[in-house]
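These values consider heavy atoms only, across backbone and side chains, with no hydrogens, waters or symmetry-generated copies.
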Amino acid sequence: MFLYCGIACRRKFFWCYRPLSTYVTKTRYLFELKEDDDACKKAQQTGAFYLFHGLAPLLQTSAHQYLAPRHSLLASLHKPEMETELKGSFIELRKALFQLNARDASMLSTAQALLRWHDAHQFCSRSGQPTKKNVAGSKRVCPSNNIIYYPQMAPVVITLVSDGTRCLLARQSSFPKGMYSALAGFCDIGESVEETIRREVAEEVGLEVESLQYCASQHWPFPSGSLMIACHATVKPGQTEIQVNLRELETAAWFSHDEVATALKRKGSYTQQQNGTFPFWLPPKLAISHQLIKEWVEKQTCSSLPA
């Protein structure tokens, strides 16, 4: 169990954790630190910290993955000196995320999202005056009118569409070559999750959803802090012709169980093949889209087994 506690000093950002025992103990301790600046300052003296420069965490390279070292409070150093002293580099989180272990990936994602939110909310939207953050970084307050601002996440649906025997996967031009994923889109104001899914599927691939099933959710730090709400959706029988919205997607296609199951087993880097194409591959395990796709494959496998 870990305690989140952020401080900033001369553009060097630190993220602190502290071991605790049970979930209830941790939750109540976190609540105390959010509300009591003095208690938070005391905790920082014995905590350990993740380091950020701007929004990039300090990471160390080990084999085929990154390690996120944790430190006690440090003197303020310039970026090159910090990297040399701690034998690491400040690396863009988007590039490193899938080469981190699950715990570090989760904590660094949370830390970066909060740091980004603080950077973008330094002034009150009503008075225009500078806002002040509390020690824990859990809120900002406008001294002129006492309006309190809390960090927020944008809800995003991510949906794996199936016609019963196949699943629909798509790619955007920004994706790495060869990678396909489930459909995703932000919720519009006033929409329910169900309405967003039906609209996104209709907008992006021209299909009408018949039924929905919730799968799981995940915080995602990009572009500025999102709550990914993952669901399975089935389309109406006989209405499976894809009409790709090229403003949203580069391409989309139906994939069989065997094609997807094979892609899930692929590991390592994905390089261009001799014929100029890239192998079909899927998002890494830490991404909730991977969980969605894996769950669909497992369900299809079970349903095909003899009774």
Next on the checklist: For Phe255, does the six-membered ring have the charged nitrogen or CZ of Arg166 within the cation-pi criterion, i.e. under 6.0 angstrom from the centroid and within 45° of the normal?
Outcome noted: no
Considering only heavy atoms from C-beta outward, does the side chain of Thr131 approach that of Val141 to under 4.5 Å?
no
Contacts satisfying ring-ring contact (aromatic ring centres under 6.0 Å, His included) that involve residues 141-179 (not counting sequence neighbours) are none
| said: With heavy-atom distances below 4.5 Å as the criterion, would you say the side chains of Thr196 and Asp188 are in contact? | reply: no
**Request:** Consider only side-chain N and O atoms of Glu81 and Thr84, and report whether a donor and an acceptor are under 3.5 Å apart.
**Result:** no
query = Is there a donor-acceptor contact under 3.5 Å linking the side chains of Thr159 and His232?
reply = no
Check: Phe52 ring centroid to Phe90 ring centroid under 6.0 Å
no
Handout entry: Test side-chain contact (heavy atoms from CB on, under 4.5 Å) applied to Ile288 and Ile158, step by step
Key = CA-CA 8 Å; Ile288 199 167; Ile158 181 162; 3.9 Å; yes
Does either side chain, that of Thr234 or that of Ser162, offer a donor lying less than 3.5 Å from an acceptor on the other one?
no
Say whether Ser106 and Ser109, considering side chains only, have a donor N or O and an acceptor N or O under 3.5 Å apart. no
> Side-chain donor-acceptor pair under 3.5 Å between Ser173 and Glu250, yes or no?
Replying inline: no
Under 3.5 Å side-chain donor-acceptor pair for Ser138 and Asn134
yes
Can you confirm whether Gln152 is buried at CD, in the sense that more than 12 heavy atoms of other residues, nucleotides or ligands lie under 6.0 Å from that atom?
no
The ring pair (Phe, Tyr, Trp, His ring centres under 6.0 Å) partners of Tyr66 (sequence neighbours excluded) come to none
